[in-house]
Amino acid sequence: MTAGTVLAAENLSASYGPLQALREASFRLGEGEVVALLGANGAGKTTTLRAITGSIVQVTGSLEYTSEAGALSLIGTAPADAARHGIAHVPQGRGTFTDLSVEDNLRVGAMTRRDRGEIEADLDHWFATFPRLKERRRKPAGNLSGGEQQMLAVARAMMMRPRLLLLDEPSLGLAPLVVADLFATLGRLRAELGVTVLLVEQNANIALELADRGYVLEAGRIVLEGTAADLMAKDEIQKAYLGQ
Amino acid sequence: MAATNILRSRRTRRRAGWTAVLALLALILPYMLVNSPQFAVFGNTIPLSIDVLSYAVVAGLAVLSLVVLVGHGGQLSLTAGFFMGVGAYLTMILSNETALPFALCVVAAALVCGLLGIAVGLPALRIEGAYLALVTITLASVLPSLVRLPVISGHTGGSNGLSLKYTPSAPDFIGQVPTWLGHLPGIGPSYIGTYALGPAQAASVWIFYLVLAATLAVFWLVAGVVRGRTGRAVHAVRDHGIGAAASGVHVARLKVMVFGLSGLVAGVAGGLYALVFRIVAPETFGLTLAIYLLFGMILGGHRALGGAVAGGFAVAYLPVITGQIKHIPAVPDRWLVGPTASFLLGLLLILFPLVLPGGVAGLGRRLGFLRPLGTGRTDAPAASGGRATPPEPGTAQTPARTAEPDTAPTTSARANAMSPNRRETRS
Amino acid sequence: MDLFIARIFDGIATGALYASVALSLVLIYKATALINFAQGEMALCGAFTVYVLAVGHGVNLYVALLVAMALSAAGGAVLHRVLIQRFDPRDHLPIVLVTLGLLLALNALAAIVFGFEPRRIPSVFPRGNAVAFGSASLRWYTLGVLAVSVLTLVGLTLLLRRTRIGLSFRAVANTIDSAQLVGIRVNRVIGVSWALAAAIGTLAATLYVSDPLRQLDTGVMERVLIFAAAAAVLGGLDSLWGSLAGGLTLGLTESLVIGYVHWVPPELGMVVALLVLVLVLVWRPNGLFGAASAARV
């Protein structure tokens with residue numbers, strides 16, 4: 001694996017029983033990069049993320065990840081282990097703990113950490129970054145609006161102090177204004193945090209504005225890759241996804 | 001294609017063969033058992049009686065009611081014992097206290113049980129899985145107490161139990177059969193004898209045939225429902241809940257209907273039980289029976305209609321066998337008294353899901369005797385009573401056949417083939 | 001009036017114990033939406049363990065109780081690991097079967113080992129009455145049992161709200177998938193809840209049979225389990241404090257019905273439990289304090 005690569009997938013295939021959702025996909029993420037994974041509904045984007053966190057049993061190919069401790073293969077991991085290696089996954093639909101308070105949601109994010117003092121400091125930091133969350137810190141997270149839950153989900157993931165952040169369709173179900181606000185925030189955070197991000201999105205336009213590079217999936221295969229600028233210029237993207 | 005034709009005819013011939021064998025057994029067995037032969041194993045004598053054989057048939061019917069409700073309806077409801085009890089008591093009360101012919105009493109009792117089934121099915125719409133199991137098993141546990149309530153114990157006999165006054169009398173030819181059957185080589189002389197049967201014995205044999213006929217009729221009816229359009233709709237509801245509703249299927253109505261059908265079938269079983277044994281006691285239809293019936297369902301394979309037959313035999317014969325075994329080499333006798341039957345049943349209940357999730361029918365499928373289950377669908381959303389993450393608002397409800405099911409199983413625990421909601425590709 | 005007060009006290013005593021067993025049921029249900037049907041019989045084995053230690057070997061009663069609770073906790077964790085964890089938690093049928101099988105097997109085992117004659121466990125609380133109200137009196141037993149139930153509840157609540165493991169548990173109870181994604185070892189958390197439930201069950205069963213008016217025999221817990229189930233359902237299957245409310249309500253109802261409605265003989269109190277269950281289901285399937293998603297889809 002080349003130096004500075006956080007995640008490298010080689011001929012990664014994944015299936016749900018008889019259904020093959022991912023076919024020999026190869027991609028890599030370098031340290032600090034934001035990489036977008038684009039494609040229509042059903043193209044295999046969520047499957048890719050699930051393969052990384054070990055939420056699917058049938059994964060073949062090579063999936064190498066460089067954790068703090070060194071390189072390891074993610075084939076055959078369980079989801080809880082992926083988290084312990086520093087991979088934070090914000091699932092589709094946000095996965096909010098609806099019955100837990102906002103604050104507890106954040107604390108849960110830090111479950112793999114032992115450094116109490118730092119956890120408290122991070123908590124304060126995220127409340128400062130998202131004042132709306134601080135206002136509702138003791139309320140059940142289920143009461144938050146979609147956009148607020150998305151912020152909460154990102155903050156919860158960041159509480160892990162992850163090395164790799166997986167975001168699954170953060171714009172899903174959110175109004176355009178909210179999406180714009182969300183991605184502006186992500187843009188700001190990105191500068192501060194330096195965490196590597198794999199961003200899955202149907203909304204190619206807004207994803208490519210944030211990302212450095214991108215891959216396009218179609219029926220489980222990677223059909224396009226390049227820098228964000230290159231991809232935005234491509235005709236296919238213009239036709240198929242722009243205006244989404 | 002030629003190959004399939006050959007296969008089909010081979011299977012049909014095999015089926016015809018089995019049916020002939022079974023019909024022959026149905027003819028000979030009652031006459032063998034009417035003399036209560038005993039057989040010895042390891043120094044124990046186990047008496048075989050025709051009553052227990054009849055009970056096996058009846059129990060098969062009760063197990064069928066569970067197969068319908070749990071296997072096909074996907075509802076973890078353990079009401080079979082309860083409805084069987086209600087059916088038995090009601091049949092007896094109607095027969096003892098009114099002038100209705102016995103058959104009508106059974107039908108009436110069964111209908112009431114069907115209605116009760118619907119009544120139970122209504123609140124059951126709101127709960128599922130282990131919760132539903134808990135509630136329905138409570139019903140089963142409480143029947144003995146219900147029957148003792150002073151308000152109705154005048155009719156039910158309370159703690160003393162109830163006996164049936166009616167005894168059917170067999171037509172003459174039943175008693176005459178041994179005169180020619182007894183000449184069969186081998187078993188004839190030793191087990192059947194060539195003497196005509198006395199009225200009591202003839203009645204037992206006649207009851208066996210009555211019970212068998214009624215059971216077969218109900219099985220046939222149920223098979224018709226399950227394999228027809230209603231059955232498919234019910235399966236759709238079981239497997240695809242939300243999707244089925246979207247296709248215009250009346251989910252609630254179907255679920256309640258399955259409860260009603262299950263109650264009806266169990267009610268018939270109860271009425272037939274009353275005919276076979278002519279005596280019931282409060283404890284007959286309690287928690288233990290409910291659990292035995294559940295085991296019968298699992299033994300047979302919880303979706304297999306035919307498996308209910310095997311289940312019925314288990315329900316009837318397990319207690320007999322375990323009750324009669326007093327000596328096992330190398331095991332202290334003291335251990336074999338009393339609770340052994342329950343202990344063994346408990347062990348079996350624990351072992352079956354581990355070892356043989358598909359039951360006997362699953363084994364039969366693997367060995368090629370039974371045809372495989374129909375095409376189901378791909379990965380299911382939450383199984384009955386599941387705790388999968390509910391889809392969040394705003395998430396598109398993708399139909400089951402996408403490459404990215406939102407609710408694909410994320411646990412790495414081995415998916416078990418026993419769920420009422422799973423397609424049994426691997427049993 | 002005195003009869004009424006006496007009935008109330010009786011109701012509180014039994015109710016608090018139903019509530020404690022209900023707690024065990026709720027603990028497991030909260031985390032997994034599953035019911036451990038064997039809970040009562042596991043508790044029975046725990047009570048027999050106390051008997052063997054305290055009466056058979058002369059161990060101090062309280063030490064015996066603690067040891068039995070520890071053993072039960074271990075047993076619960078092992079049971080979960082060996083028999084329950086292997087199944088897909090969303091598939092309820094095999095687990096219902098296994099726990100029912102355990103119910104039968106454990107009960108039969110107790111009968112085989114101990115026989116059917118009733119035994120006595122020395123009273124955990126001081127004998128006699130604490131306070132008198134006319135001719136009705138409040139026994140130390142009643143006070144003690146109520147105190148234990150409340151304390152257990154308080155302890156559990158603190159555990160859930162203030163500790164890491166408690167937070168993990170609440171996360172698992174809410175959304176298993178998300179819990180895994182943040183690194184929680186879900187199976188371990190559930191195992192702990194089984195262990196806790198087992199220990200609480202043993203405590204409740206021991207207290208129940210150590211009542212000077214009761215005895216320890218193999219039939220004891222079947223009845224208690226039904227009542228505990230009804231109590232749990234009434235309070236809301238995923239509400240811990242609901243168990244207390246449900247248990248007390250049920251205990252009081254049973255006690256008052258038996259005291260005043262003369263055509264219902266004592267052993268038919270079970271019918272009361274059933275009626276309560278039915279009413280709750282028809283009117284409010286989530287119980288008094290359950291969350292709206294108690295019947296999760």
Side-chain angles (χ1 to χ4, degrees), chain B residues 70 76 122-123 126-131 133-135 137-139 141-142 145-146 148-151 241 287 291 294-295 298 302 335 338-343 345-354 357 382-390 409-411 413-416 418-422, chain C residues 25 29 32-35 37 83 85-98 100-112 116 175-178 180 186-187 218 222 226 229-230 233 237 263-265 267-271 273-274 277-278 281-282 285 293-297:
Chain B
V70 179
L76 255 180
L122 283 170
R126 306 196 201 171
I127 62 179
E128 50 180 12
Y131 189 175
L134 178 69
V135 172
I137 231 187
T138 309
L139 259 181
S141 308
V142 174
S145 300
L146 271 176
R148 287 200 185 95
L149 277 175
V151 232
L287 180 64
I291 297 184
L294 188 65
F295 174 66
I298 293 309
H302 67 290
W335 286 13
T340 321
S342 307
F343 184 69
L345 182 62
L347 272 184
L348 283 172
L349 270 175
I350 296 175
L351 287 174
F352 255 79
L354 294 178
S384 73
R387 275 204 65 240
T389 328
T410 55
T411 54
R414 184 184 82 198
N416 191 281
M418 288 196 70
S419 162
N421 285 16
R422 292 278 155 98
Chain C
L25 291 174
Y29 184 84
T32 57
L34 287 170
I35 306 278
F37 285 97
L83 289 179
Q85 195 175 298
R86 56 182 54 237
F87 297 111
D88 181 346
R90 287 173 299 172
D91 179 4
H92 286 200
L93 181 57
I95 297 177
V96 168
L97 290 170
V98 166
L100 279 177
L102 263 176
L103 183 161
L104 285 178
L106 286 176
N107 184 275
L109 200 60
I112 291 175
F116 292 105
T175 314
I176 287 189
D177 296 340
S178 295
Q180 279 182 320
V186 171
N187 281 323
T218 51
E222 179 186 337
I226 302 287
V233 168
L237 265 179
W263 49 265
V264 179
E267 70 263 11
L268 300 188
M270 284 243 254
V271 178
L274 177 67
L277 255 183
V278 168
L281 282 181
V282 167
S293 51
R296 279 170 247 234
V297 166

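A note on names: the letters A, B, ... follow the listed sequences, proteins ahead of strands, and every chain is numbered from 1. Predicted model only: the values in this text are computed from it and were never measured.
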> When rounded to the nearest 0.5 angstrom, what is the spacing between CG in C/L106 and OG in B/S342?
Replying inline: 12.0 Å

>> I need the minimum non-hydrogen distance between C/A33 and B/A130, along with the two atoms involved.
In response: O-CB, 3.8 Å

>> Does any backbone or side-chain atom of B/L287 lie under 4.5 Å from a heavy atom of chain C? Answer side chain, backbone, both or neither.
In response: side chain

> Do C/L274 and B/L146 pass the side-chain contact (heavy atoms from CB on, under 4.5 Å) test, and can you show the C-alpha distance, the side-chain angles, and the key distance before you say yes or no?
Replying inline: CA-CA 10 Å; C/L274 177 67; B/L146 271 176; 4.2 Å; yes

>> I need the minimum non-hydrogen distance between B/L349 and C/G101, along with the two atoms involved.
In response: CB-CA, 3.6 Å

> Given a strict heavy-atom distance threshold of 4.5 Å, which part of C/L109 is in contact with chain B: side chain, backbone, both, or neither?
Replying inline: both

> Taking all non-hydrogen atoms of both residues, which atom of C/L281 and which atom of B/R126 are closest, and how far apart?
Replying inline: O-NH1, 4.0 Å

> Quick one: what part of C/I35 sits under 4.5 Å from any heavy atom of chain B, side chain, backbone, both or neither?
Replying inline: both

> Relative to chain C, which segment of B/I291 carries a heavy atom at a distance below 4.5 Å: side chain, backbone, both, or neither?
Replying inline: side chain

>> Run the side-chain contact (heavy atoms from CB on, under 4.5 Å) test on C/L97 and B/F295 for me, step by step, so that the C-alpha distance in whole Å, both residues' side-chain angles and the decisive distance to 0.1 Å come before the verdict.
In response: CA-CA 8 Å; C/L97 290 170; B/F295 174 66; over 6 Å; no

>> C/L104 vs B/F343, test: side-chain contact (heavy atoms from CB on, under 4.5 Å). Steps then yes/no.
In response: CA-CA 6 Å; C/L104 285 178; B/F343 184 69; over 6 Å; no

> With no hydrogens and no angle check, is any side-chain donor or acceptor of B/Y131 less than 3.5 Å from a backbone partner on C/V233?
Replying inline: no

> In terms of heavy-atom pairs under 4.5 Å, which option from B/V135, B/I350, B/L345, B/L139 contacts chain C the most?
Replying inline: B/I350

>> Is there a side-chain contact (heavy atoms from CB on, under 4.5 Å) between C/V96 and B/L134? Walk through the geometry before answering.
In response: CA-CA 9 Å; C/V96 168; B/L134 178 69; over 6 Å; no

